[in-house]
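Each remark here refers to the structure printed beneath this line.
Reckoned from all heavy atoms, side chains included, excluding hydrogens, waters and symmetry mates.
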Amino acid sequence: MGATLKASKKSGRKAAPRAWRMASDDLDRMFTLVQEVGQVELKFAVAEESHAAVRTLLEVGAKRIRTVYYLDTADLTLRGQGVLARVRGGQRPDSVVKLRPIDPDAVPPALRRRDDFTVEVDVTPDSFIASGSLKRRLRRHAVERAVHGRNQLRTLFSDQQLALIDSRLHGVLTVDDLQPLGPVEVRRTRPGQDGPGRGLELQEWIYPDGSRLMEVSTRCGSADLLQTAAQAKAFLDRHAIAQSGPCPTKADSTLDYFTRR
């Protein structure tokens with residue numbers, strides 16, 4: 001394992017000009033974390049001038065449209081405690097409580113063993129971060145009923161999810177004291193297996209004022225990180241898809257958007 005990790009780091013530094021814009025020390029830390037966690041989501045933010053081009057290129061597969069809300073206070077108390085609470089309506093509604101950043105070694109064993117808890121490293125050309133997510137499937141229209149006040153917000157979360165949130169709120173607030181920040185319309189498209197960009201996913205986040213955030217992403221295991229990153233970057237470059245510079249995550253962009261308003 002030590003030799004493999006060392007080789008990966010060495011290859012990663014060589015690949016940096018093609019797939020990453022991180023400093024050498026950051027690449028080393030990223031590869032170490034990825035080896036420990038095992039699961040990676042690679043994310044590439046698309047520059048505004050390439051939105052139309054990437055949409056034409058990749059919007060040829062099954063499309064899923066969802067309505068997304070984050071729950072927090074006006075001063076983002078929950079995010080400040082390293083927690084994101086997200087609910088998605090539309091097709092296959094669900095709720096997710098995400099701990100971010102997370103130290104994989106500090107996750108309680110009972111939580112790590114749960115089938116509905118996943119630990120993953122998000123990697124962009126500029127940064128990386130590990131997070132742990134606990135997901136719950138919801139009934140149809142559950143999100144709409146809760147965010148419009150017909151049901152309590154806590155009905156969207158399982159007991160385990162509520163315990164994670166409450167542990168960070170320290171009894172000062174409860175889930176029902178949080179505000180639904182949204183909605184954002186999210187369109188997700190996965191190209192067909194025979195088309196260009198197979199294995200990639202296009203997400204387009206559309207805000208109430210018409211502004212948009214677009215991201216191309218793909219998931220892989222730690223052993224495939226180098227090859228997957230190189231292939232994804234080459235695909236974007238080959239089709240002249242410009243990437244935006246360092247930018248906030250989709251969650252941070254959404255939370256900041258609605259709290260500013």
Quick one, Lys135 with Asp116, criterion salt bridge (charged side-chain N to carboxylate O under 4.0 Å, His left out). Give me CA distance, side-chain angles, the key distance, then yes/no.
CA-CA 6 Å; Lys135 179 183 289 188; Asp116 51 359; over 6 Å; no
So how far is it from Leu58 CG to Met214 CE, rounded to the nearest 0.5 Å?
9.5 Å
Identify, with sequence neighbours excluded, every residue that meets side-chain contact (heavy atoms from CB on, under 4.5 Å) alongside [X].
X: Arg86; value: Val68, Tyr70, Arg88, Val96
X: Asp177; value: Leu173, Thr174
X: Ala242; value: Ala47, Glu49, Ser50
X: Ser127; value: Thr124

Of all heavy-atom pairs between [X] and [Y], which one has the smallest distance, and what is that distance?
X: Gln39; Y: Val119; answer: CB-O, 4.0 Å
X: Ser131; Y: Asp122; answer: OG-OD2, 4.4 Å
X: Phe128; Y: Met22; answer: CD2-SD, 3.7 Å
X: Trp205; Y: Val184; answer: CE3-CG1, 3.7 Å
X: Ile165; Y: Ala85; answer: CD1-CB, 4.2 Å
X: Pro125; Y: Phe44; answer: CG-CD2, 3.8 Å

Pair up each side-chain donor or acceptor in residues 244-252 with any protein partner under 3.5 Å, not counting sequence neighbours, and list the distances.
| unit_1 | atom_1 | unit_2 | atom_2 | d |
| --- | --- | --- | --- | --- |
| Thr249 | OG1 | Arg100 | NH1 | 3.4 |
| Thr249 | OG1 | Asp252 | N | 3.1 |
| Thr249 | OG1 | Asp252 | OD2 | 3.3 |
| Lys250 | NZ | Glu215 | OE1 | 3.3 |
| Lys250 | NZ | Glu215 | OE2 | 2.8 |
| Asp252 | OD1 | Arg79 | NH1 | 3.1 |
| Asp252 | OD1 | Arg100 | NH2 | 3.2 |
| Asp252 | OD2 | Arg100 | NH2 | 3.3 |

Could you check whether atom CG of Asp105 has more than 12 heavy atoms from other residues, nucleotides or ligands sitting under 6.0 Å from it?
yes
A quick test of your reading: do over 12 heavy atoms of other residues, nucleotides or ligands sit less than 6.0 Å from CD of Glu48?
no
Would you check if the side chain of [X] reaches a backbone N or O of [Y] as a donor-acceptor pair within less than 3.5 Å?
X: Asp176; Y: Leu153; result: yes
X: His51; Y: Val46; result: yes
X: Thr228; Y: Asp224; result: yes

Among all residues two or more places apart in sequence or in another chain, which pass the side chain to side chain donor-acceptor pair (under 3.5 Å) test with [X]?
X: Lys98; result: none
X: Tyr207; result: Thr254
X: Asp26; result: Arg29
X: Asp209; result: Ser211, Tyr257

Answer yes or no: is there a side-chain heavy-atom contact under 4.5 Å between [X] and [Y]?
X: Val83; Y: Leu164; answer: no
X: Arg188; Y: Lys63; answer: no
X: Leu225; Y: Phe31; answer: yes
X: Val97; Y: Leu84; answer: no

Salt-bridge test for Asp256 and Arg260: reply yes if a basic N is under 4.0 Å from a carboxylate O, no otherwise.
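No, this pair does not count.
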Test: Glu120 and Arg219 ion pair at under 4.0 Å
yes
Go through the steps to decide whether Ser95 and Gln161 satisfy the test side chain to side chain donor-acceptor pair (under 3.5 Å), and finish with yes or no.
CA-CA 9 Å; Ser95 64; Gln161 288 175 315; 3.2 Å; yes
Do any side-chain atoms of residues 136-151 form donor-acceptor pairs under 3.5 angstrom with protein atoms, and if so which ones, sequence neighbours left out?
| unit_1 | atom_1 | unit_2 | atom_2 | d |
| --- | --- | --- | --- | --- |
| Arg136 | NH1 | Thr155 | O | 3.1 |
| Arg136 | NH1 | Phe157 | O | 3.1 |
| Arg145 | NH1 | Arg140 | O | 3.4 |

Would a single hydrophobic cluster contain both Leu99 and Leu76, if residues Ile, Leu, Val, Met, Phe, Trp and Tyr are joined by side-chain heavy-atom contacts under 4.5 Å?
no
According to the ring-ring contact (aromatic ring centres under 6.0 Å, His included) rule, which pairs have a member within residues 162-189, sequence neighbours left out?
none
Excluding Ile206, membership of its hydrophobic cluster (Ile, Leu, Val, Met, Phe, Trp, Tyr; side-chain heavy atoms within less than 4.5 Å) reads none
